[in-house]
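Just below is one structure, and these are the notes that go with it.
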Amino acid sequence: KWITEGMYADYFVTAVRTGKTGTPKDLSMLLVERGPGLETKQIKTTYSTCCGTCMVIMNNVKVPVGNLLGKEGNGFRQIMYNFN
């Protein structure tokens with residue numbers, strides 16, 4: 001729920017649950033644009049306030065179908081790819 005530089009971001013990449021089986025195949029990746037329903041609240045940190053570390057709160061955010069990154073249900077694989 002938090003991200004560094006989030007106070008300055010216009011776009012957020014996030015994993016969302018798109019299925020109901022409770023398996024990793026339920027996750028998909030979305031590109032979410034800052035707009036109605038997306039709120040950021042700055043978190044005070046011990047290192048620097050200029051880093052813009054914040055809580056990201058999404059409430060009834062509408063995301064166009066075209067903002068799906070990759071294939072639906074492939075989000076877990078995309079997340080794990082970043083760790084390689």
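Throughout, residue positions are numbered sequentially from 1 according to the sequence presented.
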- Atom pair CD/NZ of Glu33 and Lys62 - distance to nearest 0.5 Å: 15.0 Å

- Task: Report the hydrophobic cluster partners of Val32, with the cluster defined as I, L, V, M, F, W, Y residues connected by side-chain heavy atoms closer than 4.5 angstrom, directly or transitively.
- Result: Ile3, Phe12, Val16, Leu30, Leu38, Val56, Met58, Val61, Val63, Leu68

- Query: So do Asn74 and Met29 actually touch side chain to side chain, heavy atoms under 4.5 Å?
  - Reply: no

- Message: Quick check on the hydrophobic clustering: are Met80 and Leu27 connected, directly or via other members, by side-chain heavy-atom contacts under 4.5 Å?
- Response: yes

- Query: Does some side-chain heavy atom of Asn59 sit less than 4.5 Å from a side-chain heavy atom of Glu39?
  - Reply: no

- Query: About how many Å separate CG of Asn82 and CZ of Arg77, when rounded to the nearest 0.5 Å?
  - Reply: 13.5 Å

- Message: The criterion is side chain to side chain contact (heavy atoms under 4.5 Å, CB included); which residues satisfy it with Met7, sequence neighbours excluded?
- Response: Thr40, Gln42, Cys54

- Query: Looking only at heavy atoms, what is the nearest atom pair of Arg34 and Tyr8, with distance?
  - Reply: NH2-N, 4.4 Å

- Message: Using modelled atom types and a 3.5 Å cut-off, is there a donor and acceptor pairing between side-chain atoms of Asn60 and backbone atoms of Gly37?
- Response: no

- In short, Ser28 meets Thr18 closest at the heavy-atom pair OG-OG1, 2.8 Å

- Query: Looking at CG of Asp26 and OG1 of Thr21, how far apart are the two atoms once the value is rounded to the nearest 0.5 Å?
  - Reply: 3.5 Å

